[in-house]
Structures are given as C-alpha cells and as structure tokens.
Protein chains: 2
Amino acid sequence: MPTMADVARRAGVSAKTVSNVLAGYPYIRESTRARVLAAVDELGYELNVTARNFRSGRTGVIGLAVPELGQPYFGELADEILAAARRRDLRVVVDPTGFTREGELAALREPRRRLVDGLIFSPATLVQADADLLDGLGYPLVLLGEQMFSDKVDHVTMHNVDGARAATDLLLDAGRRRIAAIGMLHAPTAGSATLRFRGYREALEARGIAVDDRLLGWADEGWHRGNGARAMAAVLDSGVEVDGVVAFNDALALGAMYELQVRGRSIPQDVGVVGFDDIEDARYSTPALTTVDPGRRDVAEVAVGLLDRRLADVARGVVGGAPVLHVADMRLVERGSTPARP
Amino acid sequence: MPTMADVARRAGVSAKTVSNVLAGYPYIRESTRARVLAAVDELGYELNVTARNFRSGRTGVIGLAVPELGQPYFGELADEILAAARRRDLRVVVDPTGFTREGELAALREPRRRLVDGLIFSPATLVQADADLLDGLGYPLVLLGEQMFSDKVDHVTMHNVDGARAATDLLLDAGRRRIAAIGMLHAPTAGSATLRFRGYREALEARGIAVDDRLLGWADEGWHRGNGARAMAAVLDSGVEVDGVVAFNDALALGAMYELQVRGRSIPQDVGVVGFDDIEDARYSTPALTTVDPGRRDVAEVAVGLLDRRLADVARGVVGGAPVLHVADMRLVERGSTPARP
DNA sequence: GTGAAAGCGCTAACAG
DNA sequence: CTGTTAGCGCTTTCAC
C-alpha cells in the first residue's frame, strides 16, 4: 500500500504538499496540484483516514444513539440524519440503545473513547435524576426530545407535549369524551412517553375531565404495532366505554385500529384515532391515520447542523456558546381516522 | 486527557503492560493486572481507540451498505446486524446508498480508505456487468442477495427467486390466473426486483401462463407504500382483470391493498395479495398480509459471523478460504390476505 | 511475565 | 505557495 511519502516522491514534492492537496487547502499552484493528483492516480493511492484521524484528533464521525431502527419513526429519522451528515461530510455510526438504560449509558461513553467526535442522542430511559450525567461530558452533545435534564445542553425538540395536546383536543372538539391513551410506560422516563402523556392529560384537564385509569393502555414492551393492538385490547376488555384513541406513536395507533376493527368498531364513527410521528405508513392505512407531524426533517437538519457547528468550535478551540434550544414546527395532519371538526 | 504512559507511571509498570492488560492478553500476574486497572480507574483513563486502530491497522468497524433505513425491511435488518455485530465486539457504520449506483460505488471504496475493515453490502443497482468491481477488492466483503455477480465473493442470500415463486404458486393453487406483479423496475439491476420477478415469471410459466404486461406494476420511485398504491392503481386503470397480487415487498403489498380497498375490491375474495419480507406491519394490516419470511435474523447472524471470520483470517495473515454461499430458510406465512388453498 | 525501543502515516506549527 | 521538523498514543518486536 503506497503512503503519502510515496506519492510525494513520485510527484517531486514534500509529503506536506500532498497532504495539503488532499485536504483541499486552497493556496496551491495549479500545476503542483495536478502533479500530485496524477501521482495519486498512478499509484492508486488512498488516504489512510485512520492516520489522519489519529494525528488530527478528530474522526469526522458522529454518533447517533436511538432506541431501534426497526421502528419506522427512528428508521426514517436516521435516514434524514445520515443525509444531513453526508451533506456536511460527516459520517455516522448508529448506536441502537435498545430502550435500555445500559445501552444509553454506553452510547454516552463512545465519544470519550474517541470513536466519534460528538453525539446526537435520543434518550428513552434516562430519568430526570440522570441530568448531571449530561453535563460537562467534554464533547458536543445534541439531545433529541423535549428540553429536559439540563439547560446546559443543546436540545432539538419535537413538541411532544403540544403535539399530544393537539391530538387530544382534536377528538375533544369533535365531542369525544372517553379518550384512551395508548403507549403508557410504567418506567418514569424522560422519553416521549412521559411527555406525550402530559399533553394528553393537560388537554383533558383543560376541559375539566379527569384521567380515567381504565382508559390507559400500557405498552411497556415497546411502541410496536403488536403492543398497540394488545394495549387496545386490554382497554376494551376492561369494559370501559371508548370513543377516541390518542396513541403515542403511529405504530401503536395502527395496531389499535387493527384491534378496533377486528372487534367491529368503525373508525372514525365509533372511535376516532390519532397517532403521532406521521410515518409513511400512516397515509396508507384504512382509514388513513390522522397524526402529528413532528417536523422530523427539520429536527435532523438542525441537530446535525448544530453538532457540526459545535465540532468546528472545538476544533478552533472555542468553548462553545450558550446552549441552543430548537423546537421544530409541529403540525396536526387530519386524515380519515378522526371525525371532521364541527 | 491521560494517556497510557500516565497510567503506566501511576501503576509502576511499562506502557506495554498497560496495553496488554487492556487488550485482554492472558499471561499477566493477577496483582499487576489489578494495579493497572486501579490506575485506569483513578485517572479516569479511556483508551484512545483511534491510536490503537492506527497502529494496529484495523478499526473494529464494519460497514453496512443498504439502500435506506426508512424501509422497514432494511431498518429491521439493520437492527439485527447491529445486534449480531455487538455480540462480536464489532461496530457498524451504516452507509445508505439511496438506491443509487453512485452511492453503492462509494460504499465499496470505504474499506480502502481504512474507514472500516470490511463490508456487508446489499446491492440494489449494480448490474451483472459490474461483477469485476467485486473481485479482488483487498478486503472482506459479504454480499446480501441471491448469488450473483461473482462466485469469488461470500454471499448470504434470501431465496428471492424461490420466495416469489412460492408466493405466486399460492395464488395459482387457489385458482387465480390474473396475477399482478407489483414493484417492477425498469433498470436491469441485480437487486431483488429482478430476482423476485424471475420467481413470479417462473411460477406462471410452469403452468403455461404467459406474463401479461398489463399486469405489471412499476415502482421505479422505490418500494414504498405510496408507490405500491400508485402501481396498483395503474394496473387497475388499464382495465385489465385482476384476481391476485404478488408484491415484491410488504410495503408495496400494503399500498396495493389500500388501493384495492379504496376501489371496493374485497381481499382475499376478489383479489388475493401476497407480500415479501414479513415486516412487523404485515401482521397488523386488515386483513393481515400473507407474505414470505426470508429469514432475516438468520441472514444477519450468518453475514456478520462470516465477515468476522474473514477479518480474523486477515489478521492472522490467512488468505481466506473458498467463498461461502449461505441461503437462509424461506417460509411462506399464510394470513388473511390470501384465500385458503383448496 | 514484563520492559525498551522503534515507528505506524499523517498533519500542526512554523520557517522560508 | 511549499518544505522541515516533530510527534500524536499506541502496538510490534525483541530482549530479558
């Protein structure tokens, strides 16, 4: 395998000049550049990125810690983030935390091992008490999710509370009063479950309606379709009356719709259903699913851009400015699974 | 940031001994090991993985090149591969090729830049004529997909042809004769589209039925639900009679089902529908989707294991043995979207 | 079992 | 605009 020194010798320049050419340093005579590139070509030389990373102290790689790619929301989010990173010449290693505390703690350690320069982290199991884990980590961190934990860390958020409140309001406006919440978790995490439940609760309480425990559908096994169906079944089996469903993500909503239809309830006449995330599938269920579009693309672009800026600051020795809080635009997408508003 | 030399000084040993302890070298006195680990702890030392990679010439990272994570099949496959890699202490960078030739060629170059030690590659756009691109790459490569291109490369395959044939046979056995194929691509790639179409064609021809062009639904924009719906609409709009649908993946099948239902066809009475991949969603559509389970977990485990073995061979200077061809078990999962066989 | 010396391939810092 | 010098932090090699 040829090295930079081989290329330099062949081009009749120093190794540093080869380095400059390959790094895109602008002040190089055109003829020199051409000679270097020709030598690179002739030798079939490829830059040893590991050596560069080692010497420069940076890897050009960022970590993306999310629970699970198999969930369409995270898969689609990951695609957006990979695309945004690519536009900035950053690479991404995905760190699926598997909804475990252990997985999330491991992800937070990666940058310290110099495996990645910084981290985009979508927490699902950490709790408020873990806030200090996120301070003074010594590397740039961008948190995805409502601003929690710490106001010293950059956040890019998804309006979890507002979205769930809007979803619930939509059903309330249509006169529904027996609205189930599907996707409850027993663990008191700071993830979307807590926040979306808060939005649901706030919407009910604003109209003087108390939360009825029998209407809460639990999905501790994860926010998959199957668990949505099971949670819906559990609620229905309790014998409680139901005329609306707010599910904490679209997969749960689609599972709940399946269960409702199996039991002969018609949607939206008997039961209105709202999801959250606006995954592609939501458009093609029968009926099409009303859901909250949390501005995924915006989230991805802003999160990567922000991290990139922090990394550049670190490279220039700047001790990053004030933490940023960006809230993506949220939008309720009304489709066939909810009754028209009066 | 403390270095290995700092740890060595503190523990009263040489850097090499620290290195040995951290690398799990077995022949070390227990007391020495304990002293080293204590020093590591006291200093909060973390191994600089970049330096290790640079010196050792390996990264401990493998690449996973797939078209797009937002497609549940690839998202779920990626999760399985990430899990299998983790079990072997390998890390993974995901390289979404975006269904572009350019993206696939870029992915093939990554290992040469020492960004990853080897590659698991699920090609979607390369054609048979590209076969020589895959020979003598100088790093371990495992191809996902029917054995094509080259018999010099390891393959882990998914029975694309057999699966599609079985899916088509199921409908034929039920007496259906006007079976649409949804998911055709104009580009003559070596990806699943070509192979699954081959299975469809073979099944028809085995019964002396000619392929009717009007029954072919094109999805050049990608195998998403929306394109499944559009392709189905195009077939139906042509006025041709349809009593069965073989879709080349589940997302297409679910989109096709949506379109059929919107137009008042009942499934499976009027039209039987079969998908491919057995993604989680397939279980929760109405009706539940009959589909081909291509043995995804098996594919992931075998692919990673194989690559890991090749990497170990490289490390030991072994010039890898004969190429492996592993075919995962395929299984037709019959659900409500197809008529019972007579 | 452990240490000393050498150097992987590149880029930072500066000189010219 | 380009070259020189030095050294990043670790592992390889070999000695003991």
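Keep in mind that this is a model prediction, so the values were computed, not measured. Below, chains carry the letters A, B, ... as their sequence lines are ordered, and counting in each starts from 1. Every heavy atom of this structure was used, including side-chain atoms; hydrogens, water molecules and symmetry mates were not.
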Round to a whole Å and report the spacing from CG of N53(B) to P of dC10(D). 12 Å
Pairs involving residues 98-108 of chain A, ordered by first then second residue, that meet salt bridge (Lys or Arg N to Asp or Glu O under 4.0 Å) (sequence neighbours left out): R101(A)-D130(A)
In whole Å, what is the span from the OH atom of Y25(B) to the C1' atom of dG1(C)? 7 Å
Those residues at least two apart in sequence (or on a different chain) that pass salt bridge (charged side-chain N to carboxylate O under 4.0 Å, His left out) with E80(B) are R297(B)
Just checking, any donor-acceptor pair under 3.5 angstrom between side chains of D298(B) and H326(B)? yes
Listing request: all ring-ring contact (aromatic ring centres under 6.0 Å, His included) pairs with a residue in residues 14-68 of chain B, at least two apart in sequence or in separate chains. F54(A)-F54(B), Y25(B)-Y27(B)
Would you give me the side-chain donor-acceptor pairs under 3.5 Å for residues 33-43 of chain A, sequence neighbours excluded?
{"from": "R33(A)", "atom 1": "NE", "to": "E30(A)", "atom 2": "OE1", "distance (Å)": "3.4"}
{"from": "R35(A)", "atom 1": "NH1", "to": "A11(A)", "atom 2": "O", "distance (Å)": "2.6"}
{"from": "E42(A)", "atom 1": "OE1", "to": "R10(A)", "atom 2": "NE", "distance (Å)": "2.5"}
{"from": "E42(A)", "atom 1": "OE1", "to": "R10(A)", "atom 2": "NH2", "distance (Å)": "2.9"}

Does dT2(D) have its OP1 or OP2 closer than 4.0 Å to a side-chain nitrogen or oxygen of T17(A)? no
Go through it in stages, so that I can follow the logic: the residues are R109(A) and E46(B), the test is salt bridge (charged side-chain N to carboxylate O under 4.0 Å, His left out), and I'd like the CA-CA distance, side-chain angles, deciding distance and then a yes or no. CA-CA 9 Å; R109(A) 276 195 303 272; E46(B) 300 261 4; 5.5 Å; no
With a 4.0 Å cut-off, would you call R296(A) and D79(A) a salt bridge? no
Sugar-phosphate means primed atoms, P, OP1 and OP2; the rest is base. With that split, encode nucleotides 10-16 of chain C 5' to 3' as B, S or - using protein heavy atoms under 4.0 Å. BBBB---
Test side-chain contact (heavy atoms from CB on, under 4.5 Å) applied to V93(A) and V116(A), step by step: CA-CA 8 Å; V93(A) 304; V116(A) 296; 3.7 Å; yes
Where along residues 29-40 of chain B does a heavy atom come under 4.0 Å from DNA chain C, residue by residue in number order? R29(B), T32(B)
